[in-house]
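The structure presented is a predicted model; accordingly, all values stated were derived computationally and were not measured. Chain letters run A, B, ... following the sequence lines, proteins first, then strands; residues in each count from 1.
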2 protein chains.
Amino acid sequence: MKALRFENNHLKLAEISEPNFETEAVVRVLMSGICNTDLEIVKGYASFSGTIGHEFVGVVEEATGASELIGKRVVGEINAGCGSCQLCAKGDSRHCLRRTVLGIVGRDGAHAEFLTLPTRNLLEVPEEIFDSQAVFVEPLAAAFGITEQVEIFPKTRLAVIGDGKLGNLCAQTMALKSQNVFLVGKHREKLDLVKERNVETVLLENALKLNNNFDVVVEASGSESGFELALDLLKPRGKLVLKSTFQGAAKWSASRVVVDEITVVGSRCGRFAPALELLKNKQIDVENLISEQFDLGRGVEALNRAGQKGVMKVLLSMTN
Amino acid sequence: MKALRFENNHLKLAEISEPNFETEAVVRVLMSGICNTDLEIVKGYASFSGTIGHEFVGVVEEATGASELIGKRVVGEINAGCGSCQLCAKGDSRHCLRRTVLGIVGRDGAHAEFLTLPTRNLLEVPEEIFDSQAVFVEPLAAAFGITEQVEIFPKTRLAVIGDGKLGNLCAQTMALKSQNVFLVGKHREKLDLVKERNVETVLLENALKLNNNFDVVVEASGSESGFELALDLLKPRGKLVLKSTFQGAAKWSASRVVVDEITVVGSRCGRFAPALELLKNKQIDVENLISEQFDLGRGVEALNRAGQKGVMKVLLSMTN
């Protein structure tokens with residue numbers, strides 16, 4: 001089968017054998033999404049080697065011990081836990097110390113014709129949700145996952161920094177909880193994508209005109225300057241939610257965090273079930289985030305395209 | 001009067017006029033303590049110019065409208081709020097945006113014969129507490145202040161990084177709440193100071209042999225490597241409490257904070273009343289932290305001494 005792989009510091013489309021994994025489900029991938037994390041992996045993040053990609057929708061082909069799943073259209077939680085530690089026993093493998101992560105840690109990913117995952121990771125996609133929407137479940141879950149860690153009330157004054165894909169989804173999901181959500185970004189046309197979703201938009205150059213009285217700021221730009229801007233916007237004892245993962249170390253003003261007693265909350269993966277609900281109920285716009293769609297055969301080109309300025313979500317299709 | 005001042009990038013003992021502040025209390029300083037923040041100010045931290053020092057015990061000489069305070073031995077909360085904003089109205093000036101801070105922001109400090117503070121900042125010192133103990137109320141309050149921000153339970157596995165004055169007080173105060181407190185530091189003789197206070201001690205070179213399953217790590221070393229070590233020790237979704245303020249920016253692995261969903265809690269000033277209680281009840285050892293005592297007239301020498309390796313608390317006495 002075809003798979004988009006990063007090996008020996010080289011990105012390539014390869015022909016590899018189809019998975020045949022007796023203890024896991026085999027999923028025929030219909031569509032996958034290119035995430036910034038994929039771009040970071042190609043720069044060396046997470047020292048990953050293998051098939052990249054972790055956002056997908058597909059159809060179950062094999063599922064030993066869970067035959068009811070066969071033929072179902074599914075999305076899949078990307079953390080595959082050991083199944084036996086305390087965390088896994090509680091049904092949350094996201095921090096299992098022995099976990100593998102689809103296309104990120106020790107497990108081939110989704111930019112391929114087939115992938116495998118434990119059956120417990122799979123969730124059926126309601127028929128109301130198109131493939132081109134379902135492929136957003138993973139990043140949408142990550143955005144909505146903020147609410148697992150920080151309480152957001154209708155009056156919470158909240159800013160999201162970064163008008164890319166992740167920032168957009170964070171702003172939209174936060175606006176379901178708070179009436180006071182601002183999205184700060186560099187691009188008027190990207191900011192406009194959330195116009196109808198109860199989000200105020202602010203160009204970066206005007207951000208410092210906002211009062212520095214935000215209760216919560218979500219950093220989703222992945223840049224060091226985003227971190228400093230977040231500190232500028234927060235009120236004392238405010239909360240800074242970090243969403244972006246990137247390669248390398250960042251510089252930051254530790255003493256500002258101490259003096260203003262800021263709480264910095266690292267936030268990664270969310271639950272898939274609530275994200276599916278949001279899409280089913282049409283509470284989130286995702287299709288306007290799609291910039292382009294490529295066939296898997298043009299995967300290398302697609303990844304390069306996804307890294308270009310101004311490009312939002314690039315999808316890979318396996319069905320042509 | 002004599003005062004230890006930092007002006008035009010120069011530390012000196014100066015003769016200045018005595019304060020005569022009609023709306024604030026005038027306190028004759030008995031003893032003051034040199035804090036690492038004083039050393040950072042002399043390196044440029046907080047861009048402060050004036051009399052430094054914020055840890056003190058003294059006797060009230062004048063107190064317009066609060067004559068009952070006159071002659072009383074007091075300590076004083078260092079943040080002087082505007083008195084009229086929402087925060088001040090709630091009795092907590094620590095984050096008032098218009099606050100001055102004794103010897104740190106816009107207000108002459110404690111390494112002088114006299115200082116002034118609003119009367120509401122002053123707390124009488126119970127007679128059971130010696131001057132050489134009372135002078136530790138400010139850093140002790142800062143250490144115990146962690147409990148205002150992070151819940152510590154008897155089973156909370158907690159490590160403090162840094163065996164200096166602040167780390168010592170953090171370890172002692174945390175050990176009043178948890179049965180599982182470890183102090184990590186470079187110096188066996190400093191670590192031994194907490195031996196009788198229900199704290200396990202670990203030399204830095206052995207710290208990574210500890211399991212990385214700490215619920216809370218308090219960074220009190222003020223070094224970048226302390227931050228990285230804290231991440232090494234924390235379990236996923238653990239809490240990193242930052243206590244140290246220092247000049248300049250630090251590098252840190254933002255993606256580790258995100259991937260492990262760590263919460264970083266900046267923590268600065270605590271309440272004085274509980275700290276006075278701890279000292280009165282002899283629940284904390286402070287006098288074994290004193291390295292040396294100087295007369296105020298030798299203030300410059302004292303500050304230099306405080307900056308030398310291996311030196312713990314240096315006190316200034318105004319009563320000789």
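- Counting non-hydrogen atoms of other residues, nucleotides and ligands closer than 6.0 Å to CG of N206(B) gives a total above 12.
- The minimum heavy-atom distance between P236(B) and L97(A), with the atom names listed, is CG-CD2, 4.1 Å.
- The shortest non-hydrogen separation linking C269(A) to E261(B) is N-OE2, 3.6 Å.
- K243(A) touches chain B through its backbone: at least one of N, CA, C or O sits under 4.5 Å from a heavy atom, while the side chain does not.
- Minimum heavy-atom separation, V258(B) to S244(A): CG2-O, 3.4 Å.
- Contact tally against chain A (heavy-atom pairs below 4.5 Å) for V259(B), V265(B), L242(B): the top residue is V259(B).
- Using a 4.5 Å heavy-atom cutoff, the side chains of R237(B) and Q149(A) are in contact.
- Residue E228(B) does not touch chain A at all, counting heavy-atom pairs closer than 4.5 Å.
- Looking at R94(B), only its side chain comes within 4.5 Å of chain A, counting heavy atoms on both sides.
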